[in-house]
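Please read the structure below before turning to the comments.
Values reported hereafter were calculated over all heavy atoms of this structure, with side chains retained and with hydrogens, waters and symmetry mates removed. All figures in this text were calculated on a predicted structure; none of them were measured in a lab.
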Amino acid sequence: MVVVSNSSSHKEISIRRRISNIFNKREDDFPSLKEYNDYLEEVEDMIFNLVAGVDVAAIEEKIAEYQKENAEQIMINQARKAEELAAAVAASKGHLAPTDTDMNPQAGIAIEPGQYAPSVAGGQPRPTGMAPQPVPLGGLDMQGYPFDDEEMMRLRAERGSRAGGWSAELSRKRSLEEAFSSIWI
């Protein structure tokens, strides 16, 4: 059994966050799945070695070199991640993101979709643009099936109860057995 101390798990989490913010390429950034998997394996090896304290200086040098060479791609991927997160949050809250014509209250300028407005705090860019719109159901229930009439609802209830093994006969038989068994007590 491996026991992980609380401080080492915090150390690993902070290292993983830092490395994932730098090495943030996605599968679609690679020409093949094998190259993407090799990239992920290399990142995991670096994280493991940093947590274990193996050859830290060489790994930190490699990270710094990667940051210099891929600074633009890192920022693009961070912006894409922030945009997706903001869209997901807006969609989960049922709010719509600002439209193309909405104004940025801090700067007083119109923001185009895909542009980033200055954030209120923290220095991270705040994405703007349209959130996904709900699709009108138009005569369909929440699962996308057409609404049923009374006859179909009755048939479904009847068939559903039989599918579970229940029947009116079974209910009557059980009631009679319980009634007669209580007489002899």
- Looking only at heavy atoms, which two atoms of K25 and Y39 are closest? And how far apart? N-OH, 3.3 Å
- Please round to the nearest 0.5 Å and tell me the distance separating atom CG of N49 and atom CD1 of I59. 4.0 Å
- Message: Treating E27 as the side-chain partner and L33 as the backbone partner, does any N or O pair qualify as donor plus acceptor under 3.5 Å?
- Response: no
- Query: Would E169 and K173 satisfy salt bridge (Lys or Arg N to Asp or Glu O under 4.0 Å), going step by step from the backbone distance to the final call?
  - Reply: CA-CA 6 Å; E169 172 89 20; K173 181 180 174 184; over 6 Å; no
- Item | Validation row: Y36, D29 side chains within 4.5 angstrom (heavy atoms) | no
- Query: Hey, any chance F48 and V43 share a hydrophobic cluster, counting ILVMFWY side chains that come within less than 4.5 Å of each other, even indirectly?
  - Reply: no
- Taking the side chain as every heavy atom from C-beta outward, state whether R174 and L170 have any pair of such atoms under 4.5 Å apart. no
- Item | Check: N24 main-chain N/O paired with N77 side-chain donor or acceptor under 3.5 Å | yes
- Starting from the C-alpha separation in whole Å, work towards a yes-or-no answer on salt bridge (Lys or Arg N to Asp or Glu O under 4.0 Å) for R80 and E84. CA-CA 6 Å; R80 185 178 0 163; E84 290 170 354; 5.2 Å; no
- Message: Could you report the tightest heavy-atom contact between I74 and I22, atom names first, then the distance?
- Response: CG1-O, 3.3 Å
- Task: Measure the CG-OG distance between L176 and S181 for me, rounded to the nearest 0.5 Å.
- Result: 10.5 Å
- Query: Cluster question for you: counting only ILVMFWY and a side-chain heavy-atom cut-off of under 4.5 Å, with indirect links fine, are L50 and V54 together?
  - Reply: no
- Message: To the nearest 0.5 Å, what is the distance between CD1 on I19 and CD on E44?
- Response: 10.5 Å
- Message: If you compare all heavy atoms of V51 against all heavy atoms of K11, which two are closest, and at what distance to 0.1 Å?
- Response: O-NZ, 3.3 Å
- Query: What pairs of residues pass the side chain to side chain donor-acceptor pair (under 3.5 Å) test when at least one of them lies in residues 59-68, not counting sequence neighbours?
  - Reply: R18-E60, E42-K62
- Under 3.5 Å side-chain donor-acceptor pair for N37 and E41: no
- Message: Starting from V56, can I reach I13 by hopping between I/L/V/M/F/W/Y residues whose side chains sit under 4.5 Å apart?
- Response: no
- Residues E12, R16: salt bridge by 4.0 Å N-O rule: yes
